[in-house]
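Everything on this sheet refers to the single structure shown next.
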Amino acid sequence: MSSQNHLYLVDGSGYIFRAYHRLPPLTNIRGEPVGAVYGYTTMLWKLADALHKADGPTHLAVILDKSSKSFRNDLYDQYKAQRPPAPEDLVPQFPMIRDATRAFSLPCIEEEGFEADDIIASYARAALRDGWRVTIVSSDKDLMQLIEPGLDMLDTMKNERLGPEHVIEKFGVPPEKLGDVLGLMGDSVDNVPGVPGIGPKTASKLVNEFGDVEAVLAAAPSMKPSKLRDNLIEHAEMARLSRVLVALKEDVPLPDPLEDLAMKGIPEAPLRAFLEHHGFRSLLNRLGTVADAPAPPPSPEAVLPQDPPCNVDAYEAVDTLDALDRWIAAATAQGFVAFDTETDSLGPRSGLVGISLALAPNRACYIPLAHVGGDLLSDNPVQIPFDAAIARLKPLLEDPAVLKIGHNIKYDICVLAAHGIAVAPIDDTMVMSFNLDAGLHGHGMDELAATHLDHSCIAFKDVTGTGKNQKGFHQIGIRDATRYAAEDADVTLRLWRRLKPRLAPEHATRVYEMVDRPVIPALAAMEREGIKVDREELARLSAEFAGQIVELEKEIHGIAGTPFTIGSPKQLGEILFERMGLKGGRKGKSGVYSTDVNELERIAALKDGGPGIEMARKVLDWRQLSKLKSTYTDALQAEINPVTRRVHTSYSLTGAQTGRLASNDPNLQNIPVRSETGRRIRDAFVAEPGNVLLSADYSQIELRLAAHMADVPQLREAFLRGDDIHNMTAQELFGEVNRDTRGRAKTINFAILYGISRWGLAGRLEITADDAQAMIDRYFDRFPGIRNYIHETLSAVREKGYTTTLFGRKTHFSRIKSSVQHERQGAERAAINAPIQGTSADIIKRAMARMPGALRDAGLTNVRMLLQVHDELVFELPEGDVDAAKPIIEHVMASAAEPAIKLSVPLGVEIGTGKSWGAAH
DNA sequence: GCGGTCACG
DNA sequence: GACGTACGTGACCGCT
């Protein structure tokens, strides 16, 4: 190894902005936001660890921006003028960045009047003059101008070194010409103007042709007449100014001499103090022995020793049956394998294109099965015959002794089911993450890789492109496909090694193994099955609605006295409240008048509203019909799968923080039912000839759970007797039962489930806040268990940061300690609701997981579960099976909590059948 | 990409 | 005294 000095210059400000946007919003043990600081600390550690290693630093400094003003503001007063202020949960992290740097005993350099980029450039120039090597830790494009022999850049998030070839690839010019390209194209983030109409492509073309900005401007008059020519001439001065603004100043006086930046290794004491201050526990582990302490909550990061970084060039493209057999044998011997399927499109009925496997970090492969396209001949044309590969993979994927690990494995189960493979047993890292960290961050693979592995995955878009030129994965060359696909399996395996050991100590095993994992195969089957939709019926409705919409439009424009876009809240608000002069328009924070249902209904009920009353009524009708047409009758026709001729939704297990499912593409959980017109859409969801649809729904499940969880004897006994619960509440609260008191009691019952506020209740019941408060007090006096439940739920969430359901599902509420009142209050209401909504979700998931087996055991092999709508399950079955299926379905649903949980209230299930979903209700 | 609106439990 | 007003979702639209 040479004794050459190697200076690392860390662009600290750039790093934290990037870390802030890429990493989840973690908080430390005191609830302070530290996501960016955590990322920054691990990054510094990595650098400090590499001291004296090949390519590692011998000298290092962190450079920060001291103030927002620099000499560039004197050149151009608009420089960085429209930059938004830093996000409020990032601001307090800036001083912590300095603390972190000091904890490593590293110099932190900032100078008034200069930007970090200029200081970095000046240090870099000085070091190069002395014959040192230089690495700039940043991914800022301005700094890329500095790249030259002996100076490179390092992107620690992508673990990528950037040399001149990177600049050429990205900007089409070598680093020394980059300033000219940046000057011409400008930079909207820094508010550097550049020349209008010139982006990276045009800029690099011009610079390559003419040399630099001055030469381009000089050549402009002789170009062929075009907008480009005009812009170059008209904005020549802006181009010259921009060229100066993007140039880096390389002669800033150095605050500390180069020699003072020498690294001394990682000093233990200050670093330990810093890590303990923030509770970065796994980093403390890395430091060595941890002081004896009662087991603190495990930190969100890794517990295992660091794995080697992902090496996408280490992955194998499997091109022979022998090679495939070797991978299968190794997986079988090991007893677990992470895998991922690649398909030609999204959705539960997509076509299989290839499969990747991972056995250990960097030990992963991709098995291309259905790639096509001419350029493959030069890449890797050899693919194993599809059927032969499937035949070999099936025993592995079905082997009860080999655990198959996927990230969102429901998708892979769907795809493989099309080829007769029933994947089992399974683990799912996405669901694990959800069961551990719901409410803290998302659970997509890219985000988890960044959080837990400090790794940035190859983006799907970077492989396939976007927009109209986007390719299907089957059109991707096998070399690129292997890098992407095998990396996904590798990352899944790495995530599994981090997340699986956390389940038991963090008490997430129960919900994972008893609720969420078991429901995956049932959901996959439902998605594959789909539901039949009567296209002709939808088309009839679309046409009918279209006619009515046109009529209403004419009438509305007539009342307004001018045509306008009714669907634009902005235009509608101006018509109503300015042109028509209606009073009481409320403007939201965006300055647009509110025109929502409440507002329009208020206008429609005005005594002196004049033409406004007609207007409001017609707009309400127009809105309803437009919504039904665009979202349902039009969109659903397009969702009918041409092969199965049914509609296949996709359920997200991690979409709702409370543990509910979410349905998308299309959403079949919000098909209209409340309005008469909307209900006609449910009649288009039908059974095949000879079959019927069966709808089974839990009656009042959330109120029943509240009665159990909050221990309210009157509610419990009312449910045991089978009484009408809202009547009972009305009797308790108002002493008499009639339509009015029952309606108010119902509103209050729901308000309780949602976390009540007197203001909210007052708004709903149209009474004063004082009266609402009196009603809430009375409710709590009659049902003191509810008051206790709310109190205990809030104490627990404030202390632990999360709520739990009866099955142990956690939902984290990081805003529960927010200093912003409405954020905190919002979190409190959500936390009151989460255990109830979440337990209900747990129960129906358990029913769904058991349903296929229960039906099979009863010999009902033609009964298919199709849909879940939170408290309702929809089945399709032969007419003749209805009588046999009803008691099975009823029993599975009613007993779904057992034996894990014994509820003190019965779960009521109501069942209906009919030829259509509408008729089954 | 965001806010407004509205469909559901 | 201002703030904004019930919990959880997803899709579509207009607008930038």
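Lettering of chains follows the sequences in order, A, B, ..., and the numbering in each one begins at 1.
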Check ion pair A:Glu828-A:Arg798 (N to O, under 4.0 angstrom): yes

Pair listing, salt bridge (Lys or Arg N to Asp or Glu O under 4.0 Å) test, anchored in residues 832-842 of chain A, at least two apart: A:Arg809-A:Asp842

Spacing of A:Leu867 atom CG and A:Glu872 atom CD [to the nearest 0.5 Å]: 8.0 Å

Distance-only polar pair, side chains of A:Ser699 and A:Arg704, donor-acceptor under 3.5 Å: yes

Interatomic distance, A:Gln825 CD vs C:dC7 P [rounded to whole Å]: 11 Å

Ion pair check, A:Lys410 and A:Glu527, cut-off under 4.0 Å: yes

Pairs satisfying ring-ring contact (aromatic ring centres under 6.0 Å, His included), at least one member in residues 800-831 of chain A, at least two apart: A:Tyr802-A:His812

Strand contacts (DNA chain C) in residues 743-754 of chain A, 4.0 angstrom heavy-atom criterion: A:Thr747, A:Ala751, A:Tyr754

Produce the list of close N/O pairs, under 3.5 Å, pairing protein atoms with atoms of nucleotides 14-16 of chain C; give distances to one decimal.
residue: C:dG14; atom: O3'; partner: A:Ser568; partner atom: OG; Å: 3.4
residue: C:dC15; atom: OP1; partner: A:Ser568; partner atom: OG; Å: 2.8
residue: C:dC15; atom: OP1; partner: A:Gln571; partner atom: NE2; Å: 3.0

Any A:Ser695 side-chain heavy atom under 4.5 Å of A:Asp697 side chain: yes

Any A:Ile889 side-chain heavy atom under 4.5 Å of A:Leu873 side chain: no

Side chain to side chain, A:Ile531 and A:His648, heavy atoms closer than 4.5 Å: no

Residues forming a ring pair (Phe, Tyr, Trp, His ring centres under 6.0 Å) with A:Tyr411, sequence neighbours excluded: none

Close approaches to DNA chain C from residues 656-666 of chain A, in residue order (heavy atom, under 4.0 Å): A:Ala656, A:Gln657, A:Thr658, A:Arg660, A:Ala662, A:Ser663, A:Asn664, A:Asp665

Between B:dG4 (P) and A:Asn598 (CG): distance, integer Å: 15 Å

Residues in contact with DNA chain B, drawn from residues 646-655 of chain A - heavy-atom cutoff 4.0 Å: none

Side chain of A:Gln821 (C-beta onward), nearest among C:dA2, C:dC7, C:dT5: C:dA2

Separation between the C1' atoms of B:dC6 and C:dC3, rounded to whole Å: 25 Å

5'-most by nearest nucleotide on DNA chain C - A:Ala831 or A:His822: A:His822

A:Gln868 CD to C:dT9 C1', straight-line distance once rounded to whole Å: 12 Å

A:Asn833 side chain to A:Gln837 side chain, donor-acceptor N/O pair below 3.5 angstrom: yes

Shortest non-hydrogen contact between A:Thr805 and A:Gly838, atoms and distance: CG2-C, 3.5 Å

Close side-chain approach of A:Ile556 to A:Trp622, heavy-atom, < 4.5 Å: yes

P gap between B:dT5 and C:dG4, integer Å: 15 Å

Under 3.5 Å side-chain donor-acceptor pair for A:Ser663 and A:Gln669: no

Proximity to DNA chain B (any heavy atom under 4.0 Å), residues of residues 667-677 of chain A only: A:Gln669, A:Asn670, A:Ile671, A:Pro672, A:Val673, A:Arg674

Value in whole Å for how far the C1' atom of C:dG4 lies from CZ of A:Arg764: 13 Å

A:Arg679 CZ to A:Leu628 CG distance, which is reported to the nearest 0.5 Å: 12.0 Å

Distance in Å, A:Gln821 CD paired with A:Gln825 CD, rounded so as to fall on 0.5 Å steps: 4.0 Å

Within 6.0 angstrom of A:Arg815 CZ, more than 12 heavy atoms from elsewhere: no

A:Arg829 to A:Tyr754, cation-pi by 6.0 Å centre distance and 45° axis angle: no

Inter-residue atom distance A:Leu866.CG - A:Leu693.CG, 0.5 Å rounding: 6.5 Å

Evaluation steps, side-chain contact (heavy atoms from CB on, under 4.5 Å), between A:Ile640 and A:Arg535: CA-CA 8 Å; A:Ile640 298 173; A:Arg535 187 196 299 268; 3.8 Å; yes

Rounded interatomic separation in angstrom, taking CG from A:Asp770 and P from C:dT5: 20 Å

Nucleic acid contacts - residues 543-557 of chain A versus DNA chain B, non-hydrogen atoms under 4.0 Å: none

DNA chain C base-pair string [pairs: Watson-Crick or G-U under 3.5 Å; |: paired with another strand]: ......|||||||||.

Rounded distance in Å between the P positions of C:dT5 and B:dG3: 14 Å

Steps toward side-chain contact (heavy atoms from CB on, under 4.5 Å) verdict (A:Lys629, A:Thr633): CA-CA 5 Å; A:Lys629 180 168 184 292; A:Thr633 57; 3.9 Å; yes

Contact list for DNA chain B against residues 616-636 of chain A - heavy-atom distance below 4.0 Å: A:Arg623, A:Gln624, A:Lys627, A:Tyr632

A:Trp917 and A:Phe685 aromatic ring geometry - parallel, tilted or perpendicular at 30°/60° bounds: perpendicular

Length of the NE2-C1' vector between A:His921 and B:dC8, whole Å: 11 Å

Side-chain ion pair, A:Lys618 and A:Glu551, N-O less than 4.0 Å: no

For atom CG of A:Asn833 and atom C1' of C:dC7, their distance in whole Å: 4 Å

Per-pair distances, 0.1 Å, donor-acceptor, side chain in residues 759-776 of chain A, under 3.5 Å, sequence neighbours excluded:
residue: A:Thr768; atom: OG1; partner: A:Asp771; partner atom: N; Å: 3.1
residue: A:Thr768; atom: OG1; partner: A:Asp771; partner atom: OD2; Å: 3.4
residue: A:Gln773; atom: NE2; partner: A:Asp777; partner atom: OD1; Å: 3.1

Distance in angstrom units between A:Arg824 CZ and C:dG4 P, rounded: 15 Å

